Student: 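Sharing a structure here in C-alpha cells format.
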Amino acid sequence: MERYNFKSIEEKWQKFWDKEKTFATKIDKNKKKFYCLEMFPYPSGKIHMGHVRNYTIGDVLARYKSLKGFNVLHPMGWDSFGMPAENAAKQNNLDPKTWTETNISNMKSQLKKLGLSIDWDREISTCSDDYYKHQQNFFLELLEKKLVYRKENYVNWDPVDETVLANEQVINGKGWRSGALVERKKLSQWFFSISKFSQKLLDGLDKLGNWPNKVKTMQKNWIGKSFGCEIDFKVEGNLPVKKIKCFTTRPDTLFGFSFLALSVDHAVSEFYKDNKEFNKFKKQCSKTGTTEEAIAVGEKIGFKTDLLAINPLDPKSKVPVYFANFVLMDYGFGAVFGCPAHDQRDFDFAKKYKLKIKTVVRPKNENDNFEVDKEAYAGPGILVNSDFLNGLEAPDQSILETIKILEQKKIGQKKINFRLKDWGISRQRYWGCPIPIVYDDKGEAHPVPKSMLPVKLPENVNLKVKGNPLDSQLDWKEIKINGKKFTRETDTLDTFVCSSWYYLRFCSPKESSYGFKKEDIDYWMPVDQYIGGIEHAILHLLYSRFFMQALSHNNSEFSLKEPFDGLFTQGMVCHETYKDPDGNWVSPEDIESIDGKKYLKQDKSKPITVGSSESMSKSKKNTIDPENIIANYGADSARLFILSDSPPEKDVQWSEEGIASSYKFIQKLWNLNLKILSEIKKDHEKDLDNEFEKRTNSFLKDITNNLEEFSYNKIIANLHEIYSFLIKQIEKPYKKLTLTENYKKILISITPIIPHFAYECLSQLNIKKLDWPTYDEKLLIKDKINIVIQINGKKRGLIESKPGISEDNLFEIITKDEKLNKYLIDKKINKRIYIKDKLLNIII
RNA sequence: GCCCUCGUGGUGAAAUUGGUAGACACAAAGGACUUAAAAUCCUUGCCGCUUGCGGAGUGCCAGUUCGAGUCUGGCCGAGGGCACCA
C-alpha cells in the first residue's frame, strides 16, 4: 500500500489556497453573508493547543458555511499590545515592536500550517498605528459624547506590573496577570462611562439567543442590578452633619434599625482625618479585602463616631453611627443602615459591638413572638414589631409598601442600583495605545486635534527606568500645538480597548480615513458566530458590547448595539500531569513507557507518577507543542483528533494514543481512497443495489445536522461509521457514476474536517467546484426496520419487518415466534401499546 | 454564604418529541494472521450459570407513566462564577 504523504500534500494545498486566494472575501449583495470570528491571539511567539482547538472549530464552521453558499468572512489578526512584549524586551535588550513582529511572523506561519480558511488579506495588528489611530479617534469621539472622563480615584494598583487594573482584572484580590496582591492607591485616571449603559447591557442579554446561558448569567451577575430605596437619615451630634443618605434593598426592615455604618472614605471621614485612632482603623481596613486571610476570616470591624442616627419611621429611636470595614464607598452612597436581625453581615457586626437585635420579620410558620437567635433571618415572612407596617408580607409587598410610605413622607425614594462600575482605562505602560490628550501648564486636559492623529508611540525608549517609560521620554512628552506648550498624557490605553472593536476593523481593514466603512459594517456585521474561551465571559465580551453602545450613542450613522449574534465558548485542552520521584513536574516529552509503566527518559531508574489530567500549562509542564504534532502527524491528524473525543464546549484530553490513532485513521482513509479509485476504473455495468447511495444519504443527513448543532465530535463518529461501511462494501460491483457521485459527496462533506486530505482526493477525481451535498428525504426511508417488542415494558425481542406493518399483523408474528410467545402462553392480555414502526408493548 | 452547570462502562463520550442505554473512539484482556515481532483484523460493559439464556444497571431515594438516562420533588457529589454590593 502506498503511504499517505501528508507533508507534501498539506504543503501543496496550503500553497494552492494562498496562490488562488481561495478564502479572500468581498462584499457580494447577492449572497447571504456569514461572519465567522475566533478570538484573535496575543502574539506570544508560538501557538498552543488552545489555539489549535479554537481555530479548528472556527475553521470547520467557516468552511461548512462557505460550502453551503454563504459569503463567509473569516479573518485573523493580532492582539499585539500588552505587557509581555515590554517585559520580554527588557529582558532581551530589544524593543517591543521587533519582538512582537517576529512573534507575529512565527505564529502566522504556524497557523498557516493548520490549513485554516482565513482571508489573510484582512490581517490586522492592534499595535500598528494604522489600527490605533482610529482607536484614538474613537476615544476623542467618546470624549465629545461625554462618555470618557477623568477623575481622581482609588485604584487597584498592581505593584509588580506597576500599573492600574480594572475591577474585572482583580481576581481574589490579586492582579489577573501578575498574581501580585493588589494595593489601593489614589490616582488620576481616565474612565469609560460603562455604568451609564448598565440597563442597556442587561436588556441586550435577552436578545442574545445564541449565547450560552452561562455567559449571560455571569454578565448579569456582574452588572448586578438591585431594586431598593434611598433613605435620608437625620443625624445628631457635635459635627456639622445633618443627614446621611443610604441605599437599601430592604427598607421594610427599617424598624429593626440598630446602627448606621459608613465607609472609611465617606465624606464624614473628613472630620476624623486628624484622629489618630481613626487613621489606624482606616489603615486596618485598607488591608481587608486584599489579603487572602482577611477574605477568609471576613471579620467585621467598626469605629464608633460621635454621631447618632434617627430612625425616620420611629424618631424616638436613635442609634450609633460607625465607620465599618465592610462598607464600600463606590456602591450606593458608601453608607448602609444596619438591621442585624435580617442581614447576616449586620448580625455579625451587632454581635461584636453588642448592639440591639430586633426581629421585624417572622417566617410564616412562626408566631409573632419569633426571635432571631443564632443567625439572621433573610427569608420570606410577615412583618412584626413594625408599628404601622405590621402584617405586610415580606419581601415583595412589604418593600413596595414601605417605599410608598417613605416617598409620601419625603424621606426616601425608589432607586435602582448597579454593581457595574466605570471602566478605568489608564495604564502606566509603554507598549499600548497612547491616549490622545495633552495638558496645559495649569494641568487642564485637552484633546489632541484630530488632524494630529495618530499620536505615535515613540521608538527607542529606555524601558529600564522605574515606572512608565513614557514619563521620562521628554522629547516625546513635551510638545507645542499652535505655538503653545503642552505635555502629553503618558498613560496608555488598557489593551482591552483594542479588542473591543477589532471585529469592526476586519470589515474594512484598509480604510484609512476612519476605523471602518459604513457600507462594510452594514453588510458584514454583526459577527454571526464568535468562538473563544470562557475566560473572556465578562472582560472582553462586556467591554465589546459596551463599545458598540458607546459608538452608537447619539449617532444616526451607526446603530449596531450587539456585536456578536452568536457566541460559542470552547473547552480547554487538557493533558495528564507527571511527576518524578522528587515531586518535580515532568514534561510528556521526557517520559518513556516500558511495560505499561512510565519512566524518566534520561534516567530510567526514576519511575513517574501519573497525576490527574489538567488544562495544559507551562507551570505543570503538561503542554504539547502543536508545531511538533503537525510536523510528525500532519495538520489533518491534529484537526481530526482535537475534534474527535469530546464535544467542543467541553474540555478535551490530549493523548499520544489519540493523535496516533487519528493519524492511522487518515492512512486508512487513504487506502480506501486508492481502492475506490481502482473500483471506479472497473466501471461495472449495473449497480448491485442502491444500498451505497442510501448509506451515503443517511451519512449526509447526520453530518449536516451535527455540523449545524456544533456536535463536532459526532461528525468524527459519522466519518468512522461511513468508513466502516465503505471498506466492507466497496468491492461489490457498482456503476462508475454511482461510485463517483456518492464518493464525491462524502469527500466534500469532510473538507471542513480534514481539508488537505479531502482536497487531494477530490482533485484525483478532477472535481473542482465544491457545493455542500444535500440529502434526499425519500432515500432515508428504509425497507426493513426493527420493531422492539416489550412485555410489561421490558424488552423481550426484536422483529424485523417492512415499515408500515399493522399492529395486528405484528401481533400475529409474535404469537408465531417461539421465544416471544412463551411469555404470552396462558396469559390474559390487558393492553397493547403500539408506536408505529418502533415498538409494541404488551401488558399482561 | 449566594448564583449557575453537570453526574451514563476502566476512560472520553452517544442516545430525535419519554420508546432497543452505552453509537464512535481510547485503554486493557483474549483470539486470528506471522518462524517471531511490528502492523492489521476480530471478540469482550457488569453479575450469574458451561454454550445460550437470565438478572441488575444511567449518583441516591421517591413520584408521574404501558414505558424514565430523558419529566417532577427531595437528598448526595463534582465543577464553574461571584464574594462583605447594603
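Sequence lines set the chain letters: A, B, ... in the order given, protein chains first and strands last, and positions in each chain run from 1. Computed from a predicted structure; not experimentally measured.
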Student: State the CG-CD distance between A:L541 and A:Q219, to the nearest 0.5 angstrom.
Tutor: 6.0 Å

Student: Taking a pair as Watson-Crick or G-U wobble with both distances under 3.5 Å, which nucleotide is matched to B:U72?
Tutor: B:A62

Student: When you match A:E649 and A:T217 each to their closest nucleotide on RNA chain B, which lands nearer the 5' end?
Tutor: A:T217

Student: If we take the P atom in both B:A86 and B:G79, what is their distance in whole Å?
Tutor: 28 Å

Student: Look at all strands and tell whether A:S644 reaches a base, only sugar-phosphate, or nothing, counting heavy atoms closer than 4.0 Å.
Tutor: nothing

Student: Is a side-chain donor or acceptor of A:N792 paired with a backbone partner of A:I844 at a separation under 3.5 angstrom?
Tutor: yes

Student: Give none if B:A86 has no partner; otherwise give the nucleotide forming a Watson-Crick or G-U wobble pair with it, both distances under 3.5 Å.
Tutor: none

Student: Between A:Y823 and B:G54, is there a contact of a side-chain N or O with OP1 or OP2 at under 4.0 Å?
Tutor: yes

Student: Do any side-chain nitrogens or oxygens of A:T249 fall under 4.0 Å of OP1 or OP2 in B:C85?
Tutor: no

Student: Suppose you measure atom C1' in B:A21 against the same atom in B:G73; what distance do you get, rounded to whole Å?
Tutor: 25 Å

Student: On the ring face of A:Y331, is A:R419 found with NZ or CZ under 6.0 Å from the centre and within 45° of the axis?
Tutor: no

Student: In this structure, how many angstroms lie between the C1' atom of B:U20 and the CG atom of A:L820, rounded?
Tutor: 13 Å

Student: Is the shortest side-chain N/O distance from A:K650 to OP1 or OP2 of B:A13 below 4.0 Å?
Tutor: yes

Student: Looking only at side-chain atoms of A:K214, point me to the closest of B:A23, B:G80, B:C3.
Tutor: B:G80

Student: Can you tell me the pairing partner of B:A27 across any strand shown, Watson-Crick or G-U wobble, with both distances under 3.5 angstrom?
Tutor: none

Student: On a whole-Å scale, what distance lies between the C1' atoms belonging to B:C71 and B:U64?
Tutor: 8 Å

Student: Need the pair for B:U5. Rule: Watson-Crick or G-U wobble, both distances under 3.5 Å, any strand; none if unpaired.
Tutor: B:A78

Student: What is the distance, to the nearest angstrom, from the CG atom on A:L420 to the P atom on B:A83?
Tutor: 12 Å

Student: Tell me whether the side-chain N/O atoms of A:R796 come closer than 4.0 Å to OP1 or OP2 in B:G55.
Tutor: yes

Student: Could you state the CD1-C1' distance from A:I715 to B:A13, rounded to the nearest angstrom?
Tutor: 15 Å

Student: For A:Y663 and A:F665: C-alpha separation, side-chain torsions, deciding distance, then whether ring-ring contact (aromatic ring centres under 6.0 Å, His included) applies.
Tutor: CA-CA 5 Å; A:Y663 175 77; A:F665 184 60; over 10 Å; no

Student: Between A:Y331 (OH) and B:A83 (P), how many Å, whole number?
Tutor: 13 Å

Student: Would you check, one step at a time, whether the test side-chain hydrogen bond (donor to acceptor under 3.5 Å, both in side chains) holds for A:Y723 with A:E721?
Tutor: CA-CA 5 Å; A:Y723 167 80; A:E721 282 163 340; over 6 Å; no

Student: Test A:Y353 against every option in A:F259, A:F303, A:Y322 by the ring-ring contact (aromatic ring centres under 6.0 Å, His included) rule and name the one that passes.
Tutor: A:Y322

Student: Can you check B:G9 for me, syn or anti if syn means within 90° of 0?
Tutor: syn

Student: Tabulate atom names and distances for all N/O pairs under 3.5 angstrom spanning the protein and nucleotides 15-17 of chain B.
Tutor:
unit_1	atom_1	unit_2	atom_2	d
B:A15	OP1	A:K714	NZ	2.4
B:U17	O4	A:K838	NZ	3.2

Student: Under 6.0 Å between ring centres: does that hold for A:F247 and A:F333?
Tutor: no

Student: Return the nearest nucleotide to the side chain of A:N713; candidates are B:A23, B:A86, B:A14.
Tutor: B:A14

Student: Could you tell me the separation between the CH2 atom of A:W222 and the P atom of B:C82, rounded to a whole number of Å?
Tutor: 6 Å

Student: Please determine whether ring-ring contact (aromatic ring centres under 6.0 Å, His included) holds for the pair A:F323 and A:F281, giving the CA-CA distance in whole Å, both sets of side-chain angles, and the decisive distance to 0.1 Å.
Tutor: CA-CA 9 Å; A:F323 289 108; A:F281 172 75; 7.3 Å; no

Student: Roughly how many Å apart are B:A15 and B:C24, using the P atom of each and rounding to a whole number?
Tutor: 14 Å

Student: Between B:G12 and B:G7, how far apart are the two P atoms, rounded to whole Å?
Tutor: 12 Å

Student: Under 4.0 Å from OP1 or OP2 of B:C26: is there any side-chain N or O of A:S661 that close?
Tutor: yes

Student: Is the A:F337 ring parallel, tilted or perpendicular to the A:F233 ring (thresholds 30°, 60°)?
Tutor: tilted

Student: Taking atom NZ of A:K220 as the centre, report whether more than 12 heavy atoms of other residues, nucleotides or ligands fall under 6.0 Å from it.
Tutor: no

Student: In terms of side-chain heavy atoms of A:E657, which of B:A27, B:A13, B:C85 is nearest?
Tutor: B:A27

Student: Mind checking the C1' distance from B:A13 to B:C4? Whole angstroms is fine.
Tutor: 23 Å

Student: Is the count of non-hydrogen atoms from other residues, nucleotides or ligands lying under 6.0 Å from A:K414 atom NZ greater than 12?
Tutor: no

Student: Which letter, B, S or -, goes with each nucleotide of nucleotides 64-72 of chain B from 5' to 3', with contact meaning a protein heavy atom under 4.0 Å?
Tutor: --B------

Student: May I ask you to establish whether A:R3 and A:W670 are in a cation-pi arrangement, using a distance under 6.0 Å from NZ or CZ to the six-membered ring centre and at most 45° from the ring axis?
Tutor: no

Student: What is the pairing partner of B:G22, taking Watson-Crick or G-U wobble pairs with both distances under 3.5 Å in any strand?
Tutor: none

Student: Taking for each residue the nucleotide of RNA chain B bearing the nearest heavy atom, is the 5' side occupied by A:K668 or by A:K794?
Tutor: A:K668

Student: Between A:K819 and B:C53, is there a side-chain N or O to OP1/OP2 distance below 4.0 Å?
Tutor: yes

Student: Kindly point out which of B:A21, B:A13, B:C85 is positioned nearest to the side chain of A:R419?
Tutor: B:C85

Student: Can you check the distance between B:A68 and B:U58, where both ends of the measurement are the P atom (answer in whole Å)?
Tutor: 11 Å

Student: Output the rounded distance in Å from CG (A:D645) to C1' (B:A14).
Tutor: 12 Å

Student: With both distances kept under 3.5 Å, what pairs with B:U50, Watson-Crick or G-U wobble?
Tutor: none

Student: Measure the distance from NZ on A:K220 to P on B:C85 and round it to the nearest whole Å.
Tutor: 18 Å

Student: Quickly work out the A:F699 CZ to B:C24 P distance and round it to whole Å.
Tutor: 15 Å

Student: Using a cut-off of 4.0 Å on non-hydrogen atoms, how would the nucleic acid contact of A:V652 be classed: base, sugar-phosphate, or nothing?
Tutor: nothing

Student: Under 4.0 Å between a side-chain N or O of A:S646 and OP1 or OP2 of B:A13?
Tutor: yes

Student: Taking atom P in both B:A27 and B:A78, what distance in whole Å separates the two?
Tutor: 30 Å

Student: Please determine whether ring-ring contact (aromatic ring centres under 6.0 Å, His included) holds for the pair A:F725 and A:F699, giving the CA-CA distance in whole Å, both sets of side-chain angles, and the decisive distance to 0.1 Å.
Tutor: CA-CA 11 Å; A:F725 172 84; A:F699 164 76; over 10 Å; no

Student: Does B:U35 have a Watson-Crick or wobble partner in any strand here, with both distances under 3.5 angstrom, and which is it?
Tutor: none

